[in-house]
Trainee: 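Below is a structure I'd like to ask you about.
Everything numeric in this text was worked out from a predicted model, so none of it was measured.
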Amino acid sequence: MAHPLRFRYSPETWSAERVRSQLLSDLESNIGATATSPWFTPPAGYSARRFEMDNGDLALFAYDETGGGAYWLGNTETPSALWRTDKHTFAEAPFDVSRWAQRELLAGLHEEEPWLAEYTYLSWFFLPVFYSKDGRETSREFFREHAAGFPDAECDEALAFYDGFLKSGVLEPYRHVMAGKLGTSEYLDLTRTSAAMGEFDAAWLLHESGYEITPEIEVATGHSLDFRAERPGEDGAYLVEVTRPLPVNERSAGTPAAAIRDTVQTKTSGQLAEHGGGATLFVDCSSFPDDDWQALLGERPDVQHRPAVVFRVRPSGRVEGYTKGAVPLDLDFDF
């Protein structure tokens, strides 16, 4: 599976002639390509070209002709002249180069997918996936056709919910990691993509309750748990692991209670068992339709791990749920 979109950095000196002979020529002969001027003015001190491939792929190249190196960004095959180059995320590349490239990509994204244009923060956050080599079609389809995993919801409702949350900026320092959780496969895996959004739902829940969050916390066993949550000015930090069960109609479990028990069993026999306690389990049931959720809420079954928070969030921001055990987090919701 390909990674989310990243720059390649070449420390060598580049010129217009070298760009034509080593980049454009390579792309033309292999897949067919046209080099054009970029849509936006490149950063000061750089020249730039935009490569549009016959198969719909895109690449950008910004280079300093005085010897300051060059940056390649593309969801296509890499020309051989750039094979042994270091990779940089959007945050790791120089700010001006990264800002220019993202303006180019966002403009193209909103031209190709006008339904995303209103949701600028979501578009920007998931840009490394929306323009990834293998995942650009499937990631867009997940939001457009499947409402980001919310059942019985319109695409616009889901987009507005996540756009509003991402606008807070709390996940911005972890953008590459969190956006990449959607995956970059050419085949849409709704189980994986919905599970990824479960982490965003848990992050939203913690943020709404006043916690600062840090994703992917490595613990002594060598495993990583999903979040560390801390409240400014308060003592204590809390580890959180997230799981998201499939609804009954998408799994072999016959009841909503069995669905969450089966899913939690995977966690309790994996990361949580190895960790040896101390983490709060968030069970995100946001994939459950109304009937399944109401049945679960009425029964409030145990989930084989304590403390645990079982919840369901809707795009409106409405949250329902229940807890098991002494949850150490002070969540601003009526569980």
Side-chain angles (χ1 to χ4, degrees), residues 1-8 23-24 27-28 30-42 48-62 71-79 89-90 93 97-150 153-164 166-167 175-176 178-190 192-193 196-197 200:
M1 183 183 295
H3 289 281
L5 194 62
R6 292 180 291 178
F7 287 96
R8 284 182 175 269
L23 301 186
L24 179 58
L27 294 169
E28 280 182 325
N30 289 343
I31 55 177
T34 303
T36 66
S37 298
W39 291 1
F40 297 92
T41 303
R49 298 298 279 168
R50 180 183 177 98
F51 298 95
E52 298 177 353
M53 270 49 78
D54 292 354
N55 65 358
D57 291 353
L58 176 69
L60 304 169
F61 192 67
Y71 290 87
W72 164 274
L73 184 71
N75 57 16
T76 190
E77 66 174 51
T78 303
T89 66
F90 286 121
V97 173
S98 182
R99 180 176 61 179
W100 163 76
Q102 290 178 89
R103 289 185 73 194
E104 292 274 335
L105 296 183
L106 279 170
L109 177 67
H110 291 158
E111 182 177 271
E112 296 168 11
E113 311 287 354
W115 53 274
L116 274 171
E118 183 180 345
Y119 308 103
T120 54
Y121 287 88
L122 182 143
S123 298
W124 172 83
F125 191 90
F126 287 106
L127 196 61
V129 177
F130 285 155
Y131 260 106
S132 63
K133 179 176 174 59
D134 294 328
R136 63 184 186 266
E137 298 296 339
T138 52
S139 58
R140 299 177 194 186
E141 179 187 349
F142 174 62
F143 282 95
R144 183 184 63 245
E145 303 296 333
H146 300 280
F150 284 119
E154 297 296 326
C155 166
D156 285 346
E157 295 176 298
L159 291 169
F161 173 74
Y162 289 117
D163 189 68
L166 294 171
K167 190 181 298 185
R175 175 191 180 195
H176 188 79
M178 292 299 294
K181 288 178 181 291
L182 272 185
T184 54
S185 171
E186 61 182 316
Y187 302 105
L188 179 58
D189 182 346
L190 285 174
R192 174 180 177 143
T193 49
M197 298 315 293
F200 285 86

Trainee: Counting neighbours of CD on E154 that are heavy atoms of other residues, nucleotides or ligands and sit closer than 6.0 Å, is the number greater than 12?
Mentor: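 Incorrect, the count does not exceed 12.
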Trainee: Tell me whether the centres of the aromatic rings in F200 and F126 are closer together than 6.0 Å.
Mentor: yes
Trainee: Indicate the atoms forming the closest heavy-atom contact of L27 with A33, along with that distance.
Mentor: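 Shortest heavy-atom contact: CB-CB, 3.6 Å.
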Trainee: Roughly how far apart are Y119 OH and C155 SG, rounded to 0.5 Å?
Mentor: 7.0 Å
Trainee: Measure across L24 and T34 and return the closest heavy-atom pair with its distance rounded to 0.1 Å.
Mentor: CD1-C, 4.3 Å
Trainee: For the residue pair L5 and L105, establish whether any side-chain heavy-atom pair is separated by less than 4.5 Å.
Mentor: yes
Trainee: Using modelled atom types only, decide if a donor and an acceptor are shared between the side chain of R175 and the backbone of F125 within a distance under 3.5 Å.
Mentor: yes
Trainee: Can you give me the closest heavy-atom contact between G74 and W72, atom names plus distance?
Mentor: N-NE1, 4.0 Å
Trainee: Tell me yes or no: between the side chains of S132 and H3, is some donor less than 3.5 Å from an acceptor?
Mentor: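 No, H3 and S132 have no side-chain donor paired with an acceptor closer than 3.5 Å.
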Trainee: Taking side chain as C-beta onward, heavy atoms only, is N30 less than 4.5 Å from E77?
Mentor: yes
Trainee: In terms of relative ring orientation, are F161 and F150 parallel, tilted or perpendicular, with 30° and 60° separating the classes?
Mentor: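 If you compare the ring of F161 with that of F150, the planes turn out perpendicular.
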Trainee: Mark yes or no for whether E186, through its side chain, and G135, through its backbone, hold a donor-acceptor pair below 3.5 Å.
Mentor: no
Trainee: Rounded to the nearest 0.5 Å, what's the gap from CZ on R6 to CG on L73? Could you check?
Mentor: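 Going from the CZ atom of R6 to the CG atom of L73 covers 11.0 Å.
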Trainee: What closest approach, in Å, do H110 and S123 show between heavy atoms, and which atom pair accounts for it?
Mentor: NE2-OG, 2.9 Å
Trainee: Quick check: do M53 and F51 have side-chain heavy atoms less than 4.5 Å from each other?
Mentor: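 M53 reaches F51 side chain to side chain.
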Trainee: Does some side-chain heavy atom of H146 sit less than 4.5 Å from a side-chain heavy atom of L188?
Mentor: yes
Trainee: Can you confirm whether L182 sits close enough to M197 that some side-chain heavy atom of one is under 4.5 Å from a side-chain heavy atom of the other?
Mentor: yes
Trainee: About how many Å separate CG of D163 and CH2 of W124, when rounded to the nearest 0.5 Å?
Mentor: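 Between W124 CH2 and D163 CG, I get 12.0 Å after rounding to 0.5 Å.
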Trainee: Enter the distance from Y187:OH to T138:OG1 here, rounded to the nearest 0.5 Å.
Mentor: 11.0 Å
Trainee: Centroid-to-centroid, F130 to F142, below 6.0 Å?
Mentor: no
Trainee: Step by step, would you call R8 with T78 a side-chain contact (heavy atoms from CB on, under 4.5 Å)?
Mentor: CA-CA 9 Å; R8 284 182 175 269; T78 303; 3.4 Å; yes
Trainee: Would you compute the distance between atom CG of L127 and atom CD of Q102 and round it to the nearest 0.5 angstrom?
Mentor: 6.0 Å
Trainee: Side-chain contact test, heavy atoms from C-beta onward, threshold under 4.5 Å: evaluate it for F7 versus F90 and give yes or no.
Mentor: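 F7 vs F90: side chains touch.
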Trainee: How close do P79 and L23 get, heavy atom to heavy atom, and via which atoms?
Mentor: CB-CD2, 3.7 Å
Trainee: Out of curiosity, L58 CG to E52 CD, how far, rounded to the nearest 0.5 Å?
Mentor: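 Output value for this atom pair is 6.5 Å.
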Trainee: Can the positive tip of R103 be found less than 6.0 Å from the middle of the six-membered ring of W39, inside 45° of the ring normal?
Mentor: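 No, a cation-pi geometry is absent between R103 and W39.
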Trainee: Would you mind checking if D57 and R136 are paired as a salt bridge, meaning a charged N to carboxylate O distance below 4.0 Å?
Mentor: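 Looking at D57 together with R136, the answer is yes, because their closest N to O distance falls below 4.0 Å.
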Trainee: Side chains of F61 and Y71: closer than 4.5 Å at any heavy-atom pair?
Mentor: no
Trainee: How far apart are the closest heavy atoms of P4 and G180, and which atoms are they?
Mentor: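 Reported closest heavy-atom pair: CG-CA, 3.6 Å.
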Trainee: Are the side chains of P38 and L60 in contact, using a 4.5 Å heavy-atom criterion?
Mentor: no
Trainee: Kindly check if the number of other-residue, nucleotide or ligand heavy atoms within 6.0 Å of CD (E118) is above 12?
Mentor: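 Counting neighbours around CD of E118, 12 or fewer heavy atoms of other residues, nucleotides or ligands fall under 6.0 Å, so no.
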Trainee: Kindly confirm or rule out a cation-pi arrangement of R140 over W115, judged by NZ or CZ under 6.0 Å from the six-membered ring centre and within 45° of its axis?
Mentor: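 Here R140 fails the 6.0 Å and 45° test against W115.
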